[in-house]
Amino acid sequence: MHIPDGILPAAVSVAGYATAGAATWHSLRKINQKEDPRESIPKASLLTAAFFVASWIHIPVPPTSVHLVLNGLLGAVLGYYAFPAILIGLFFQAVMFQHGGLTTLGVNATMMGVPALLAYFVFRLRSVVGKESRVWTGVFGFLAGAGGLGISVLISLVLLITTVPPHLDVEAERASIYALTLAHVPLIALEGVFTALVALFLQRVRPELLED
Amino acid sequence: MNLGLDEYVHLDSPLHRWEPRCKLVGLMVLVFVFSFVQDLRLLPAMLAVTFTLYVVSRLPVSFLLTRLRAPGFFLLVVAILLPFFSGSTVLLRIGPLALRQEGCLDLLLVVAKFVSILTTGLVLFGTAPFLTTIKAMGALGLPSILSDMTLLSYRYLYEISDDLETMETAMALRGFRARRLNGRTLGVLASLAGSILVRSYEQSERVYKAMVLRGYGRSSRPRDDYQARSHDVIILGGVLILAAGFVVAEILLRGFGR
């Protein structure tokens, strides 16, 4: 999911930084409109670290295990802080574990952060149908989780396949995008179910974490 | 838990002594210029610059090797796919598979760029304490919300990961084994993730109160006094000229290539 250094053309990396910069600017503007933006910084920071740590939890999928991305859940819980949080999380991953990369930080942040913001908007629709209902929390949790990861997967595959092998023909490109997206469907569903379960847990234990 | 980034910041080398802001600008420009390189003839020069930097930084080779191992998987996939699927000039046929020249050259380019960028990044973040580098980013204009969030999450990352470890041990002691994928396993793991979130949320409320008591958000914070001396700027100038050299060479070579 994290595109490493050296793979993408420089123009794509720069464009990634531009979109990530725009999304960060928009998020910070929304955050600064709050009464005391500093109040939520510790909350957002610790949750950023917590999400980073929670993504290390391995889900057994015999014969192997997978770890989740949780960008949909991150959007649902952090709202506009989701984009800075993802940017920071990916920065840590790039410099500490060499997952992703410095030049591709912008691309990766856009790829995971924009779907997280979309997941936030989707999850917020919950209040239209009734916040207290556990069924709707589950449904919108699933939509946020599955949608967040699904869009990220789609963006990353389109980017990788259209830019990386410069000598690949268009038909092969299209076919491999379809095939690889289909291959990710079980993971997307798993992410959706897991997000729904965590959302239900939070609603039961600490409902204010799911408020705006 | 130690993530090992600050392991070798105590060493003494010209790169350790280089002023953090100049180092950040110089090496980030270099990293982007490396990602701009598309001409194979520039690869030896690029690798030479990278390894000179690494040797000058006095970081041990084992540090680099362990760091290169982690992202090797993705590279492996590219290494398997590119030579067989990209390009039209067939070098060698193995049954239904054809080894293609363009794919092999693409692979060479990807690997060389990957190694150069990663090594330069390691030199950047391995030769100064992480906090110093983040403060240097703040001094260069990173919004304060971002630098505060980065520093705070870095501060609590270790604690929260210890929390996770403790909780996983407790779960194992009570007989939980995540072997099969079923509703129960998923439910337990979701509660684990949820507990991590709730615990850090509750901790953040205490952290915020403690920070306010110490005056957080009241006055503008003291400026970090970084002082670039003349030789810091001269080194920065040298690195920027080198980077410009790569860009010019790349453009010229592309022109000749046509």
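- Only the side chain of A:Val205 comes within less than 4.5 Å of a heavy atom in chain B; its backbone stays farther off.
- The part of A:Ile88 that comes within reach of chain B is its side chain, from C-beta onward, which places non-hydrogen atoms under 4.5 angstrom from that chain.
- Side-chain contact check for B:Leu181 versus A:Leu190: some heavy-atom pair is nearer than 4.5 Å.
- Aromatic ring pairs are classed by plane angle as parallel below 30°, tilted from 30° to 60° and perpendicular above 60°; the pair B:Phe32 and A:Tyr17 is perpendicular.
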Could you go through B:Tyr154 and A:Phe52, starting from their C-alpha distance and side-chain angles, then the distance that decides it, and tell me whether this counts as ring-ring contact (aromatic ring centres under 6.0 Å, His included)? CA-CA 10 Å; B:Tyr154 182 69; A:Phe52 190 78; over 10 Å; no
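- Interface remark: A:Leu202 contributes side-chain atoms only to the contact with chain B (heavy atom separation under 4.5 Å).
- For the atom pair OG1 (A:Thr103) and CE (B:Met28), the distance works out to 8.0 Å, reported to the nearest 0.5 Å.
- Using a 4.5 Å cut-off between heavy atoms, B:Phe34 makes no contact with chain A at all.
- Using a 4.5 Å cut-off between heavy atoms, B:Leu107 does not touch chain A at all.
- Heavy-atom pairs under 4.5 Å with chain A were tallied for B:Gly121, B:Gly187, B:Ala112, B:Ser191; the largest tally goes to B:Ser191.
- With a threshold of 4.5 angstrom between heavy atoms, B:Thr185 approaches chain A through side-chain atoms but not through N, CA, C or O.
- There is no contact between A:Leu70 and chain B, counting heavy-atom distances below 4.5 Å.
- In this structure, A:Ser45 and B:Tyr156 have side chains that are not in contact, with every pair of non-hydrogen atoms separated by 4.5 Å or more.
- Heavy atoms of other residues, nucleotides or ligands lying less than 6.0 angstrom from NE2 of A:His58 number more than 12.
- Both the backbone and the side chain of B:Phe36 come within less than 4.5 Å of a heavy atom of chain A.
- Among B:Ile145, B:Thr150, B:Leu146, the single residue meeting the side-chain contact (heavy atoms from CB on, under 4.5 Å) criterion with A:Pro84 is B:Leu146.
- B:Ser195 touches chain A through backbone and side chain together, each having a heavy atom under 4.5 Å away.
- Between A:Glu208 and B:Tyr201, the closest side-chain pair of non-hydrogen atoms falls below 4.5 Å.
- At a threshold of 4.5 Å between non-hydrogen side-chain atoms, the residues B:Leu197 and A:Phe51 count as touching.
- Neither the backbone nor the side chain of A:Ser55 comes within contact range of chain B; no heavy atom of the residue lies under 4.5 Å from a heavy atom of that chain.
- Among B:Gln203, B:Arg199, B:Lys113, B:Met149, the residue with the largest count of heavy-atom pairs under 4.5 Å with chain A is B:Met149.
- Taking each heavy atom of A:Pro60 and B:Leu189 in turn, the nearest pair found is CD-CD1, 3.9 Å.
- Only the side chain of B:Ile134 has a heavy atom closer than 4.5 Å to any heavy atom of chain A.
- The shortest non-hydrogen separation linking B:Gly194 to A:Phe201 is C-CE2, 3.3 Å.
- Top candidate by heavy-atom pairs under 4.5 Å with chain A, chosen from B:Val33, B:Leu118, B:Asp163, B:Val198, is B:Val198.
- Residue B:Glu205 touches chain A through its side chain alone, counting heavy-atom pairs closer than 4.5 Å.
- Between A:Gln98 atom CD and B:Ile117 atom CD1 the span is 13.0 Å, to the nearest 0.5 Å.
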